Structure formats: C-alpha cells, structure tokens
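No hydrogens, no waters, no symmetry mates; every other heavy atom, side chains included, goes into these values. Numbers restart at 1 for each chain; the letters A, B, ... are given by sequence-line order, proteins then strands. It should be emphasised that the depicted structure is a prediction, and the values quoted were computed from it without experimental measurement.
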Amino acid sequence: MENKTIELLGQIRTDAPLVHNITNFVVMNSSANILLALGASPVMAHSADEVGEMAAMAGALVLNIGTLDQCWLDAMICAGLAANEKGIPVVLDPVGAGATQFRTHAVEKIMSACRVSVVRGNVSEVLSLGSADVQTRGVESSLGLSDAVAADLKALAYSKRCIMAVSGKEDCITDGDRVFRVENGHHLMTRVTGTGCGLSAVTAAFCAVASERLLEATVAAFAFYGRCGELAAAAFDRPGSFYTAFLDCLYSAGEAEITRGLKITESAGVSPGAGGSG
Amino acid sequence: MENKTIELLGQIRTDAPLVHNITNFVVMNSSANILLALGASPVMAHSADEVGEMAAMAGALVLNIGTLDQCWLDAMICAGLAANEKGIPVVLDPVGAGATQFRTHAVEKIMSACRVSVVRGNVSEVLSLGSADVQTRGVESSLGLSDAVAADLKALAYSKRCIMAVSGKEDCITDGDRVFRVENGHHLMTRVTGTGCGLSAVTAAFCAVASERLLEATVAAFAFYGRCGELAAAAFDRPGSFYTAFLDCLYSAGEAEITRGLKITESAGVSPGAGGSG
Amino acid sequence: MENKTIELLGQIRTDAPLVHNITNFVVMNSSANILLALGASPVMAHSADEVGEMAAMAGALVLNIGTLDQCWLDAMICAGLAANEKGIPVVLDPVGAGATQFRTHAVEKIMSACRVSVVRGNVSEVLSLGSADVQTRGVESSLGLSDAVAADLKALAYSKRCIMAVSGKEDCITDGDRVFRVENGHHLMTRVTGTGCGLSAVTAAFCAVASERLLEATVAAFAFYGRCGELAAAAFDRPGSFYTAFLDCLYSAGEAEITRGLKITESAGVSPGAGGSG
C-alpha cells in the first residue's frame with residue numbers, strides 16, 4: 001500500500017483535482033486549507049442554483065452534515081445526483097448522526113437518494129447508519145475497534161454497497177468484502193477542530209485520482225493523513241502549533257515520510273457474525 | 001480565586017463538558033478550536049429542527065448574535081428555552097448590539113424570551129441592553145472602566161437578574177451584588193478575530209462545570225483567558241504567531257501559570273448611583 | 001508609489017477604517033484576521049434587516065460572491081445601494097464568475113444595480129464580466145498577463161467605469177485609462193485559502209482611506225499585500241507556517257519593508273485593440 005499511496009499522492013499533486021465540498025461552517029476554511037496543502041483544488045458551493053453544475057465539474061464531491069439545515073440538505077441531494085450522473089465519487093461525512101433525529105434522518109435521506117461511495121465518520125456516527133439490518137454492539141472508540149465492531153462495519157458496508165471508513169484511535173476501512181485497519185495518527189488531532197472533516201475531504205481527493213479503486217484510495221488517504229499527524233506531533237506537542245505543522249506536513253510529506261511509515265494491516269477472516277463472541 | 005480557577009480548569013479537562021454554540025460564521029472555527037484547546041467539547045448546530053435536542057444534551061449554551069439573521073434568531077430562542085428547561089447556563093454574546101437596530105432588538109427578544117445566565121460583551125454592547133432603567137454615561141473602554149460604568153453594569157445586572165461580564169482593557173464582572181475587576185489580558189488579543197467570542201465560549205465551559213457558582217466561574221474564565229493571552233504575547237509579538245501560541249497556552253497552562261498570575265480584585269462599595277460623581 | 005503606499009498604510013493604522021464585508025463562509029475568519037492584522041476594523045453582516053445600516057457606517061464595503069445564494073445576493077445589492085448613497089467605495093470579488101451561470105448572472109445583477117468601484121479577481125473571473133463589449137482572447141494566468149489581456153481589461157474597465165484589478169502571477173490594475181502591473185507576491189499564497197479574498201478586503205481598506213484616488217490605493221494594496229507574501233515566504237516555505245508569518249507581516253511591515261520592495265510598473269501605450277497583435 002505504500003507504493004500505492006505515493007502514487008496517488010503524486011497524482012493529486014500533479015492533477016490538482018477539483019473537490020466540491022458542501023460542508024459545515026466550522027470547517028469550511030480548514031477543509032479548504034487542508035485540500036490546498038495536499039495539492040488538490042477545493043471549491044465550496046451550496047446554493048441549489050448551482051450545486052448541480054459545480055458537482056459536474058468536480059473530480060469528487062464531499063457531503064458533510066455538520067451545521068445542517070433543511071435547505072442545505074436539499075442542496076446536498078441535488079449535488080449528489082449530479083455527481084452520480086457524472087460518475088464521480090461521493091464521500092459522506094455523517095457528523096453527529098445518531099446524536100439528533102434530524103441528522104440521523106438526513107443521512108438516511110442522502111443515502112437513499114444518492115449513491116454514496118464512502119462514508120467517513122467516527123464509529124458511533126457510522127454505526128448509526130445501521131438500523132434493522134445491522135445490530136450494533138456498542139462503541140469502543142477509546143479502546144480501538146473490537147473485532148465485533150469491525151464485523152458490524154463490514155456487514156454495514158455490504159448491505160449499503162458503500163465503503164465504510166471509520167476513524168478513531170485505530171481506523172477501520174471496509175467495502176463489505178475486505179477489511180483494513182490503519183494505526184497512523186495522533187491524539188492531538190482530536191484537539192483541533194475539523195481534522196475529521198478534513199480527512200473526509202482528503203479521502204475525496206484520493207478517490208478523485210483513483211479511478212475505480214476507491215477502497216485502496218480510502219486506505220491510502222487515512223494512512224497518509226494520520227502519518228502527517230504523527231510527523232506534526234513529533235515537532236509540536238500543543239494544538240495551535242501542531243495544526244500549523246500538520247498543514248506543512250500535508251504539503252511536504254512524500255516518499256521519504258511514507259516509506260516504512262504507514263501502519264496498515266488487512267484483517268483476514270472478519271466476517272459478519274464473527275464478532276458475536278468478540 | 002486562584003484555587004477556584006485551578007479547580008474549575010481541572011474539572012473542564014476531566015469532564016470535557018459539551019458546549020453548544022449558536023454563533024457567528026466568522027468565529028465558528030476559532031471558537032471550536034479555543035474550546036478544544038481548553039479541554040471542552042464544542043458542538044455547533046443552528047437548525048430549528050435540532051437545536052432543542054442539542055441544547056438539552058449540552059452542559060452550557062452560547063448564543064452569539066454576530067452575522068445574525070431572523071432564522072438564526074428564532075433558533076437561538078428555541079435553544080435558549082431548551083437550555084432553560086434543562087437548567088443549563090446560557091451565555092449571551094451581544095455582538096454589535098447598539099450598532100444596528102436589528103441587533104439591539106434581537107438582544108431584547110432573546111433576553112425577554114429566555115433566562116440568560118451571563119452576558120459577555122464589550123462595554124458598549126453590554127450597556128446597550130440598558131434602556132429606560134439604566135442611564136449609560138458613556139463608554140471609556142480605552143481608559144479602563146470608570147466607577148460610573150461599573151455602577152451602571154451593576155445596576156443592569158441587578159435589573160436583568162443576570163451576570164454582566166464586560167471585557168476590555170480592564171474587565172468587569174458583576175451579578176448586581178458583587179463586582180469583580182480583572183486586569184489580565186494583552187492588546188494583541190484585539191488584533192485577532194474571535195478572541196472576544198472565544199471568551200464567551202470559554203465562560204460557558206467554566207459555567208458548565210461550576211454548579212451554581214456562575215459568578216466565580218465567569219471571573220475565573222476571564223482571568224485564565226487573559227492570562228493565556230499574556231503568556232502568548234510574551235512569546236510572540238505579532239498576531240499570527242500570537243494566536244497559535246494562545247491556543248497552545250489554553251491547552252497547556254495550569255497551576256504554575258495561574259498561581260500568582262491572576263489579577264482579580266473585588267470592588268467594595270460600588271453601588272448603583274455611586275458612579276454619579278465618578 | 002512607495003511613498004503613497006507608506007502613507008496609505010499609515011492612515012489605515014491610524015484610522016482603523018471600518019470595512020463591511022458580505023463575504024463567503026470559507027474566508028470570513030481569514031478576511032477578518034487579515035484586516036485586523038493590517039490595522040483595519042472588519043465587520044461582517046449579511047441580514048437584509050441590517051446591511052443598509054451597517055454599510056452606511058463603514059468606510060468601505062466588500063461584496064464577495066463565494067458560497068453565494070439568492071438571499072445573500074439580495075443583501076449584497078441592498079448594502080451596495082446604501083454604500084453608493086453614502087459615497088463609500090465598493091469592492092466586488094466575483095469568486096467563480098464564469099464557472100457557473102448563477103455566479104456570472106449574480107455579478108451582472110450587482111454591477112447593474114450598484115456602482116462598483118473596484119472589481120478584484122483572477123483573470124478569468126474578471127474577464128467573464130465582459131460579454132458583447134469585450135472579446136476575451138484567452139486566459140494566460142500561468143504565464144503572466146499578455147498585453148492582449150491587459151488591453152481587454154483596460155477596455156472592460158473603461159466600459160464598466162470601474163477599476164479592474166486582476167491578481168495572479170503578475171497583477172494588472174486599470175481604470176480604463178492608466179494600466180499598472182504589480183509583480184510582488186509568492187506562489188505559496190495560492191496554497192492558502194482566502195488570500196485572494198483577503199486581497200479584496202485589503203483593497204477595500206486602502207480605498208477607505210484614499211479619498212478619491214482609488215486607482216493608486218488599489219495598486220498600493222496589491223503591491224503591499226504581495227510584498228508581505230514575499231516576506232513571509234522568505235521565512236517559511238510551507239503553507240501552514242507561511243500563513244502565520246503572512247499575518248505577522250501584514251501587522252509589522254512598514255517603511256523599511258516597502259522601500260525598494262515594491263515591483264510596480266505603469267504600462268505606457270496599452271490601448272484597446274493594441275493587444276490584437278500581442
């Protein structure tokens with residue numbers, strides 16, 4: 001996966017893919033800066049008057065439901081349909097799904113109206129997408145992801161026909177068939193707003209240059225992003241200066257930092273139900 | 001007050017209280033980062049479809065009227081009522097009150113619809129809340145607060161049954177009975193956007209862990225926040241690098257930086273009317 | 001122009017002119033910080049309930065159509081009319097004009113409803129304002145601006161009775177009569193979001209203190225802003241730390257940094273049509 005990551009990163013820096021973000025007010029600035037530092041071209045647009053046209057120009061679309069309201073939800077679906085028609089990847093960040101009814105239902109509406117390629121969230125947000133078809137067995141984000149949770153995610157990915165990509169102390173990415181774990185990252189990333197949302201945007205940038213291999217692109221995005229967090233935290237141990245260094249690393253990290261730096265493992269034999277005794 | 005400040009800060013870092021912010025677009029990102037650096041958990045949500053539910057989950061609510069429109073005003077009142085029902089503190093930041101009719105009236109609407117625990121603003125914003133019942137005698141923020149202004153603030157706090165917390169070169173916090181002055185802070189804080197709004201958010205975080213002792217919590221928040229500004233300004237004397245360091249200090253400052261660092265005095269004998277000859 | 005730039009900058013730092021911004025969600029925070037670092041006083045307000053009142057208090061108005069929707073467009077026109085009535089300069093940033101129909105039409109509506117003093121954008125955005133009356137001959141932003149494009153901009157400025165101010169590798173500012181080129185700046189500015197929009201805000205601040213000499217004020221704003229980019233890039237070569245240093249330079253750069261540091265040339269003999277053989 002290291003060579004693949006280096007290759008995709010190089011492609012982003014060469015092509016500067018346009019990533020259309022309909023995202024929340026808190027992270028608009030930071031997501032744009034994260035994408036620019038990485039080498040991609042962000043655009044933010046949310047008016048129903050133009051989202052279709054904008055999404056059709058982009059290489060990938062991010063739908064992020066933080067600070068959502070009804071009007072923005074309608075625009076997201078409109079943009080999602082345009083992205084589907086054009087065949088570009090759609091990354092959904094279900095911020096706060098499971099916390100309020102409005103957000104949980106918003107995710108359901110988006111998922112049933114549009115084809116979503118990747119759902120990127122924390123474990124409780126992502127598992128909130130599963131209702132009757134997946135029985136969640138509790139959230140253990142502080143402990144890393146148990147095999148039981150990984151099995152739930154795999155089942156959810158399978159049933160939704162979509163990559164489920166959970167970030168946390170340990171990340172888990174699955175398309176319902178294969179399951180990857182990523183252990184890059186640093187706890188200071190949780191002390192800066194928008195790092196999760198920024199990962200959704202970075203995942204979209206990787207997917208934009210990945211042709212059809214979206215699972216690998218997502219794993220590469222998670223590992224590279226977490227690696228940059230580690231590098232920044234090695235230089236600065238407080239959140240203000242850490243964040244500045246993190247942007248710097250997204251810009252400058254390359255082959256030297258990636259080689260032998262990614263902590264990716266593919267889990268063998270995680271099947272729905274296997275977690276029952278986990 | 002130093003021990004109280006250390007205790008409340010420790011409580012925030014242990015409990016990571018959820019602070020629900022309905023705030024302006026300019027500072028959403030910075031308020032979130034300030035709360036995260038401090039150790040609290042920010043959430044931003046403004047849709048009428050979910051603010052009640054979100055406020056009811058939180059430990060404190062911030063209502064900030066910068067970049068207000070009618071729709072957001074309705075949501076603020078809705079969230080305020082939910083917070084009142086739950087019994088959690090509400091901090092109101094009357095950004096620009098007194099500058100436009102719309103903002104002045106918005107503050108009146110919020111104050112008459114909901115019980116506000118603390119109003120945090122600059123002196124002209126806060127004094128604009130007093131109309132018939134308090135005669136303002138001019139704004140002297142550049143000179144520090146005169147006894148006359150402190151007396152007005154005390155009378156206003158008494159009549160509104162709410163803590164009035166004014167920040168400026170010298171801060172003044174009063175519940176209509178006791179009056180505190182805080183002299184921590186640095187002028188570079190005025191050269192970075194969102195430091196005032198960030199103080200409202202930090203005040204909410206301190207109130208969230210303070211049980212009923214909101215006056216002390218507000219004083220502690222002001223003094224700690226200003227102290228972090230001093231520490232950052234001692235390291236960097238220009239606004240970009242100052243702000244980065246300020247976030248770092250909010251994260252790392254503790255007992256060592258607080259002890260003998262807070263400049264809090266309680267004013268004796270400031271009574272409504274006393275300022276008439278001030 | 002160096003003395004003029006030093007003079008206007010000093011005036012901004014003395015007067016702290018109020019700059020009213022109706023701008024996009026991505027850059028609200030960064031535009032405010034850029035204006036504060038420079039020495040101006042930013043205010044953001046977009047509600048139709050108050051934009052007229054706010055614009056009438058300001059020294060300049062910025063209309064920026066990034067993240068536009070119909071409601072904000074109406075508010076921009078309302079504020080623009082108030083600014084016209086008061087006689088204060090209006091700077092329009094046509095973000096994404098030419099990219100979607102909605103944005104192209106929005107610019108037309110603003111330009112026909114209000115008198116705009118300066119249009120600040122990249123070359124494709126600005127040239128999208130010309131339709132029947134100016135024939136664009138292609139965009140060469142990566143190569144610097146050809147004489148043909150400069151001639152088009154001059155013709156456009158003449159026909160719209162408005163300063164056209166294009167930023168890019170090389171900047172071009174013209175009022176339809178005189179044409180200036182500015183070569184200050186650094187490519188890292190394109191790797192941080194909001195630097196273009198920030199230049200529109202800075203242009204407004206320079207115009208706010210310039211009395212009627214808006215062409216010179218715009219040229220001074222571009223050159224000073226680009227110079228700060230160069231200074232920051234000399235200190236840091238990655239976008240996170242570059243941006244922090246850029247804010248620091250906007251705050252601290254003065255006579256010493258400006259003298260012999262500005263790369264401004266006035267083009268002689270660029271006339272509409274001259275570019276035909278360029």
Test log, rule side chain to side chain contact (heavy atoms under 4.5 Å, CB included), inputs Tyr251(B) and Arg191(A): CA-CA 9 Å; Tyr251(B) 176 79; Arg191(A) 300 299 285 268; 3.6 Å; yes
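- More than 12 heavy atoms of other residues, nucleotides or ligands shown are found within 6.0 angstrom of CG on Asp74(B).
- When the shell of 6.0 Å around CZ of Arg13(B) is examined, it contains more than 12 heavy atoms from other residues, nucleotides or ligands.
- Contact detail for Arg238(A) and Cys249(B): the closest heavy-atom pair is NH1-N, 4.0 Å.
- Contact of Ser241(A) with chain B is made through backbone and side chain together, with heavy-atom distances under 4.5 Å.
- No more than 12 heavy atoms of other residues, nucleotides or ligands lie within 6.0 Å of NZ in Lys109(B), so this atom counts as exposed by the packing criterion.
- Expressed to the nearest 0.5 Å, how far CZ of Phe102(A) lies from CD of Glu53(B) amounts to 10.5 Å.
- Thr193(A) places none of its side-chain heavy atoms less than 4.5 Å from the side chain of Met28(B).
- Most heavy-atom pairs under 4.5 Å with chain A, from the set Leu35(B), Leu36(B), Thr244(B): that is Leu36(B).
- Looking only at side-chain heavy atoms (C-beta outward), Val192(A) and Asn33(B) come within less than 4.5 Å of each other.
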Steps toward side chain to side chain contact (heavy atoms under 4.5 Å, CB included) verdict (His46(B), Asp69(A)): CA-CA 8 Å; His46(B) 68 280; Asp69(A) 62 29; 3.3 Å; yes
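- In this structure, the side chains of Asn29(B) and Ser30(A) come closer than 4.5 Å at one or more pairs of heavy atoms.
- To the nearest 0.5 Å, atoms OG (Ser47(B)) and CD1 (Ile65(A)) are separated by 11.0 Å.
- By number of non-hydrogen pairs under 4.5 angstrom with chain B, the leading residue of Leu68(A), Asp237(A), Leu188(A), Val27(A) is Leu68(A).
- For Glu255(B), the CD atom counts as loosely surrounded, since its 6.0 Å shell holds 12 or fewer non-hydrogen atoms of other residues, nucleotides or ligands.
- Expressed to the nearest 0.5 Å, how far OG1 of Thr100(A) lies from CE of Met54(B) amounts to 5.0 Å.
- Neither the backbone nor the side chain of Leu250(B) comes within contact range of chain A; no heavy atom of the residue lies under 4.5 Å from a heavy atom of that chain.
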